[in-house]
Amino acid sequence: MKKIEQLYEGKAKRVYSSDVDGVYIVSYKDDATAFNGLKKGTISGKGVINNRVTNHLMKMLEKKGIPTHFVQELNERETAVKKVTIIPLEVIVRNIAAGSLSKRLGLAEGTKLGSTVLEYCYKNDDLGDPMVNQYHIAAIDLATAQELEIISDYSFRINEILSEYLKDLKIELVDFKLEFGRTDDGEIILADEISPDTCRFWDSETGEKLDKDRFRRDLGGVEDAYLEILKRLLGE
Ligand code: TMP
């Protein structure tokens with residue numbers, strides 16, 4: 001499979017058309033940003049790790065009945081994925097208070113939530129990805145009510161599957177962000193990535209942060225944290 005033309009460059013990935021109909025190629029970068037691009041840096045080896053971690057988790061989710069865009073890993077940084085139109089929503093799932101939820105609700109980081117929290121943000125860099133609810137989503141036509149029901153059902157199910165899987169690896173799934181896409185046939189499938197860039201992973205025993213918060217908050221040991229996640233998930 002060959003890349004034909006760059007279609008899009010995001011903060012962490014590039015997307016290309018390919019010589020196969022209905023298939024795109026994503027290429028993961030080492031570039032890291034935070035706070036809507038205000039903080040910029042590089043995490044050496046991040047692209048390779050996020051590519052491999054994402055594919056590992058997407059394959060696992062497929063086996064458990066979640067449709068994803070994953071087609072085939074092409075090399076250490078690049079993966080063939082199904083062509084979709086991304087629904088412009090960041091779907092955030094939370095099990096434990098951290099980050100923006102802790103700030104907004106005045107909850108200490110690490111407070112266990114009584115039940116799973118689902119949030120939607122409108123993917124729009126100019127607006128800083130504002131939080132929206134199902135009424136905003138319907139009113140400005142980001143997704144239909146039926147699509148949103150599928151998205152929320154998948155998101156809760158993904159949370160159960162991932163939380164259980166990571167628990168055995170001594171990783172606590174604090175929160176994470178998902179994106180979904182629409183195929184040409186109108187099917188909703190999981191897209192984008194699931195990686196230390198888009199999840200909060202805490203070591204279950206020590207509470208150590210093994211994710212992008214190490215970069216966001218200048219905690220040091222960023223590369224080692226990403227490598228630790230790769231090691232625990234893929235055994236290398
Ligand atoms: P938050 O606490 O900053 O709202 O982040 C919640 C989760 O979403 C966390 O696991 C990090 C992830 N996330 C992204 O993947 N992309 C983003 O742009 C932001 C702000 C958060």
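All ligand and atom numbering here is 1-based and tracks the order in the structure.
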Does K13 pair with D192 as a salt bridge, N-O distance under 4.0 Å?
yes

Can a donor-acceptor pair be found, under 3.5 Å and without considering hydrogens, that links the side chain of [X] to the backbone of [Y]?
X	Y	answer
N75	E78	yes
S163	E160	no
T183	V84	no
T111	A108	yes

Near G99, which atoms of ligand 1 are under 4.0 Å from a heavy atom of that residue?
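That gives atoms 2 (O) of ligand 1.
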
With heavy atoms of F176 as the reference, note each atom of ligand 1 found under 4.0 Å away.
10 (O)

Suppose we measure from [atom] to each protein heavy atom; which comes out shortest, and what is that distance?
atom	result
atom 7 (C) of ligand 1	D175 OD1, 3.6 Å
atom 4 (O) of ligand 1	S100 OG, 2.6 Å
atom 19 (C) of ligand 1	E90 OE1, 4.4 Å

Proximity winner for atom 6 (C) of ligand 1, if only heavy atoms of M131, R200, K177, E109 are counted
R200

Looking at ligand 1, would K212 count as a contact under a 4.0 Å heavy-atom criterion?
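Contact check K212 vs ligand 1: negative.
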
Kindly determine whether W202 and K209 satisfy side chain to side chain contact (heavy atoms under 4.5 Å, CB included), including the steps that lead there.
CA-CA 5 Å; W202 292 357; K209 297 186 195 321; 3.8 Å; yes

Please indicate whether any nitrogen or oxygen in R216 is less than 3.5 Å from any nitrogen or oxygen in ligand 1.
no

